[in-house]
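Worksheet for the structure shown next.
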Amino acid sequence: MAAGTAAKGGSSVVLLEKMPSLGKKLLITGQGRCNITNNLEVKKFIADCGPRARFLFGPLTRFGFEATLKFFEELGLKTKLERGGRYFPESDSSRDVLEALERYLSAGKVRVITNARVTGIRKEREGFSVTAGTEVYKSARLIIAAGGKSYPGTGSTGDGYSWASALGHTVTALKPSDVPLNVKEDFVKELQGLSLKNAELTFARGSKKIKYFGEMLFTHYGISGPIVLDASRAVGPWLDDGPVDCRLDLKPALDEETLNRRLQREIVESGKKTFKIFIKEYLPAKLIPVFIKLCGISEDLRVNQLNAGQRKKVIELLKDIRFTVTSLRGFDEAVVTAGGVDADQIDQATMGSKKIKGLYFCGEILDLDGPCGGYNLQIAWSTGFLAGKSSGEK
Ligand SMILES: Cc1cc2nc3c(=O)[nH]c(=O)nc-3n(C[C@H](O)[C@H](O)[C@H](O)COP(=O)(O)OP(=O)(O)OC[C@H]3O[C@@H](n4cnc5c(N)ncnc54)[C@H](O)[C@@H]3O)c2cc1C
C-alpha cells in the first residue's frame, strides 16, 4: 500500500522484501480468506483497539474502510460483506487481495526486489542508505513497513524495531496479542480438539473481571478460538502480575433456576438412565468423561438416585467450570504484536517521524493493534496509504 501510493504520487520507488515473494502473511490472513476490513465507524473502531489507538483518528478519517473498499474495487477486486460487518474478497481467496496490490505496484512501476533482507539503515546528511545483502540503496525518503514479530515464518521477524530505536525512536514493550492461552489444569488439555460455539468465559484477577461470549476451542496446551484471542488482549497485561482465573459457562442462556427445573423434570422422565447416558443431553460427547470426573459422580449411577448435593454439583459445573490461565502463547501463534514504535513520535497526519525528517512508519511495526476482525489490516491500509501519500509527494 505504502510503496504503490508513493509511486502514484510521482516518486520513483524501490520495495525491498526479504522473502522470495511478497505478502506471505497477507496470504494466511482470515484463514486464507483475508478479512480485509470491517464497516465500523471510526469511534467504535478506535474504542475496540484500546486507548493508544486514538492516534488512528487521523489515518482512519483520511483512509477508512470505505476508501479501502473503493481502492480494491478500482484494482478489480470484488468484496463481500459478512456477519459482524466484516469484508472479504468475493472469491474467498487472500491471493486475490495480494494480486490486486501487486497490480498497484506494477501500475506505479515500483521496483520490487525480493530476497533482499535489509540489515542496516543509516541516516545520511541527505536521505538514507539501506543495506540489503551486498547492495546499498540510497534514497531521499524511507518508509519502514517491516511488520511485527508474530508468525515469523512469514518474514515478520521484528527486524524493524532495532532500526527504529537506532534512529532515535522509543519501542514500547512487545507482547504477543490476539493469541491463545496456556492453562494449568490437565483436564482442560484432555478436551483438545473440542470446539464450543456458545460458550461464556469470564476471566478475573483481583478486582478485574471481563466476560466473552461465542466460540472457543480446547487445545493440547489450553484454550484458543475467537473469544479467547479477543480475551488475550485484556488478559495479557493481567498475566504480568500472575495467573488469571477463568470460568466457563456451558449454558449461558439458562440461569441456574431454569437449569435446575429442567434437570429435575428430565430426571423424573428418564430415571433409569445411567448418569453417563443422561448427561449426553447436556454436553458434547468429548466433554462427558471430563465432566463426570469433575462431578465426582459414578457414571453408572442411575439418575433417579442422584442426591440433592450431586444434582447441585451438576448444575454448578454446567454453569461454572473453573481453571487457571498461566500465560500467553508465543509470537509464533499470535495474530498480532502489541507494542512497537511509539505512535507519539509519529505525525498522524503524514505518518512521518517527528525525530527524523524523511522517515515514515506504517503498519504493525507501530504500537497500534486491534482485535481479530479486519482491524489490523485496516490499520496497515490506513497508515500505509498516508505514509505513501506524504512521502511520495514531490
Ligand atoms: C494467522 C494470521 C491471520 C490474520 N488474519 C487477519 C485478518 O483476517 N484480518 C486482519 O485485519 N488482520 C489479520 N492479521 C493481522 C495482519 O495480517 C497484520 O497485522 C498485517 O499483515 C500487518 O501488515 P504489515 O504490512 O505492517 O506487516 P507484514 O504483513 O508483517 O509485512 C511486513 C513485511 O516486511 C518484510 N520484512 C521484515 N523484515 C524485513 C527485512 N529485514 N528486510 C526486508 N523485508 C523485511 C516481511 O517479510 C513482510 O513481508 C492476521 C495475522 C495472522 C498472523
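Order of appearance sets the numbers: ligands from 1, and atoms from 1 within every ligand.
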Just by distance, no angles: are the side chains of [X] and [Y] close enough, under 3.5 Å, to form a donor-acceptor pair?
X	Y	value
T172	D342	no
N35	Y87	no
Q345	T170	yes
T324	E185	yes

* In order of chain and number, which residues sit within 4.0 Å of ligand 1 by heavy atom? -> L16, E17, K18, M19, K25, I28, T29, G30, N35, A116, R117, V118, A145, A146, G147, Y151, T154, G155, S156, D159, W163, A334, V335, G363, E364, G374, Y375, N376, L377, A380
* Asked: So does K354 have more than 12 non-hydrogen atoms from other groups sitting under 6.0 Å from NZ?
  -> yes
* **salt_bridge(D300, K276) N-O dist < 4.0 Å** => no
